[in-house]
Amino acid sequence: MDTTVDEIAPDVYRLSTWIPGITERGFTFNQFLLTGDEPFLFHTGQRFLFPQVSAAIERVLPLTRLRWISFGHLEADECGAVNLFLDSAPHAEVIHGPLAIMLSLTDMCERPPVAAPSDGVHDIGGHRLRFIATPHVPHNWEAGLWFDETTSTLLAGDLFTHTGQCPAVTESDCVAPALEAEGLFHATGLTTNLTPTLIQLAEWNPTTLAIMHGASFHGDGAGQLRSLSDGYAGLFGAS
């Protein structure tokens with residue numbers, strides 16, 4: 001396994017590991033590093049990936065400079081290595097929504113987590129980040145995503161998950177592959193909250209979608225989000 005590093009937007013780096021044997025075409029696990037005065041890591045990967053992911057970060061900046069760690073929700077591939085990163089980066093803190101902190105993170109993290117601003121900007125010096133609570137979208141009660149106003153990048157987590165080896169960035173449609181993967185995994189919470197949340201995310205008009213499993217998308221991100229909503233409604237009857 002090899003972890004590659006690609007800049008998918010200005011000072012936004014995709015750290016990607018393709019693992020064979022998960023589906024017929026394999027599966028990518030991606031983390032995203034935003035550089036700036038206070039570098040920000042979205043996703044840590046599982047614990048077994050820590051040596052590779054930390055080495056990939058070192059190709060961009062010293063690991064000890066890492067200041068913030070976040071993730072979409074609590075799963076091993078999202079945050080399994082969080083305490084290994086906290087041990088390696090002495091000034092790093094986990095930042096997430098209050099619900100995740102109350103439910104799990106206060107107990108789980110070796111250092112106390114920090115609550116994301118509810119209606120404000122988390123400025124890391126080079127990127128202006130907004131936390132968007134997305135309960136049960138695509139899954140987990142505490143789910144939440146980040147939008148970088150500076151680069152118009154949505155850190156999209158498990159949204160648009162698709163399988164196989166793929167380029168770092170694509171301008172091709174991500175909806176059809178995502179719906180195909182949904183038919184395989186059945187991972188999305190098909191609740192009445194799904195469509196309103198996807199429409200809310202589309203209103204930020206992202207031009208880059210930093211996708212955790214698959215290629216990142218560059219182009220009309222709002223259109224992709226609305227089409228994904230329509231696809232869920234059409235295929236699964238999500239309202």
Side-chain angles (χ1 to χ4, degrees), residues 1-35 41-46 48-57 59-60 71-73 75-81 137-139 143 145-148 151-188 198 201-202 206-232 235:
M1 294 183 296
D2 180 41
T3 299
T4 60
V5 179
D6 293 277
E7 189 174 13
I8 62 166
D11 298 322
V12 179
Y13 294 86
R14 174 185 182 262
L15 320 174
S16 181
T17 310
W18 178 76
I19 299 181
I22 302 175
T23 80
E24 294 180 353
R25 293 179 289 179
F27 204 52
T28 56
F29 292 87
N30 303 325
Q31 300 79 41
F32 298 93
L33 177 66
L34 284 66
T35 61
L41 179 67
F42 188 67
H43 304 152
T44 70
Q46 303 94 320
F48 80 89
L49 284 180
F50 175 75
Q52 292 175 235
V53 174
S54 59
I57 291 173
R59 287 151 62 182
V60 181
F71 31 86
H73 49 267
E75 286 181 356
D77 59 344
E78 304 250 347
C79 60
V137 179
H139 41 251
L145 302 175
W146 291 87
F147 179 70
D148 176 24
T151 64
S152 191
T153 296
L154 177 67
L155 300 173
D158 282 350
L159 290 176
F160 297 99
T161 287
H162 48 280
T163 66
Q165 280 186 302
C166 47
V169 181
T170 184
E171 296 182 358
S172 300
D173 173 64
C174 290
V175 175
L179 294 175
E180 179 184 351
E182 178 63 26
L184 179 65
F185 296 125
H186 305 290
T188 301
L198 293 174
L201 293 172
T207 56
T208 299
L209 302 173
I211 296 169
M212 183 176 186
H213 302 294
S216 293
F217 174 82
H218 183 73
D220 180 11
Q224 290 286 291
L225 287 158
R226 293 187 179 100
S227 293
L228 183 64
S229 175
D230 291 343
Y232 281 136
L235 288 180

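In what follows, every heavy atom counts, from backbone to side chain, and hydrogens, waters and symmetry copies are set aside. Keep in mind it's a predicted model, so treat the numbers as computed, not measured.
- How far CD of Gln46 is from SG of Cys79: 10.0 Å, rounded to the nearest 0.5 Å.
- Partners of Phe48 under the ring pair (Phe, Tyr, Trp, His ring centres under 6.0 Å) rule, at least two apart in sequence or in another chain, do not exist in this structure.
- The backbone N or O of Trp18 lies less than 3.5 Å from no partner atom in the side chain of Thr28, so there is not a single donor-acceptor pair.
- Of the possible polar contacts, one joining the Glu78 side chain to the Gly72 backbone as a donor-acceptor pair under 3.5 Å is found.
- Taking every heavy atom of both residues into account, Thr17 and Asn30 meet most closely at N-OD1, 4.3 Å.
- Aromatic ring pairs are classed by plane angle as parallel below 30°, tilted from 30° to 60° and perpendicular above 60°; the pair His213 and Phe29 is perpendicular.
- The CZ atom of Phe27 sits 7.5 Å away from atom OG1 of Thr163, with the distance rounded to the nearest 0.5 Å.
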Could you walk me through whether Ile57 and Leu15 pass side chain to side chain contact (heavy atoms under 4.5 Å, CB included), step by step?
-> CA-CA 8 Å; Ile57 291 173; Leu15 320 174; 3.6 Å; yes
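- Between Pro167 and Ala215, the closest heavy-atom pair is O-CB, 3.1 Å.
- For the residue pair Ala187 and His139, the shortest heavy atom distance occurs at O-ND1, 2.7 Å.
- Here Phe50 pairs with Phe85 under the ring pair (Phe, Tyr, Trp, His ring centres under 6.0 Å) rule; sequence neighbours left out.
- Closest heavy-atom contact between Val53 and Thr44: CG1-O, 4.1 Å.
- Here salt bridge (charged side-chain N to carboxylate O under 4.0 Å, His left out) pairs that include residues 211-232, with residues two or more places apart or in two chains, number zero.
- A heavy-atom distance below 4.5 Å is not found between the side chains of Thr161 and Pro138.
- To the nearest 0.5 angstrom, Thr207 atom OG1 is 9.5 Å from Phe217 atom CZ.
- In this structure, SG on Cys174 lies 11.5 Å from CG on Leu159, to the nearest 0.5 angstrom.
- Atom CG in Asp77 sits 9.5 Å away from atom CG in Leu49 (nearest 0.5 Å).
- Taking Phe147 as the reference, Trp204 meet the ring pair (Phe, Tyr, Trp, His ring centres under 6.0 Å) condition, with sequence neighbours excluded.
- By the 4.5 Å heavy-atom criterion applied to side chains, Leu201 and Leu145 are counted as neighbours.
- Between Thr151 and Pro10, the shortest heavy-atom contact is CG2-O, 3.4 Å.
- Taking both residues in full, the closest heavy atoms of Asp158 and Met212 are given as OD1-SD, 3.3 Å, listed atom of the first, atom of the second, then distance.
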Phe160 and Leu225: CA distance, side-chain angles, deciding distance, side chain to side chain contact (heavy atoms under 4.5 Å, CB included) verdict | CA-CA 9 Å; Phe160 297 99; Leu225 287 158; 3.6 Å; yes
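- Between the OG1 atom of Thr153 and the CH2 atom of Trp146 there is a distance of 14.5 Å, given to the nearest 0.5 Å.
- Scanning for ring pair (Phe, Tyr, Trp, His ring centres under 6.0 Å) contacts around His162 gives an empty result, with sequence neighbours left out.
- Legend: residues meeting salt bridge (Lys or Arg N to Asp or Glu O under 4.0 Å) with Glu180, ordered by chain and number and at least two apart, are Arg25.
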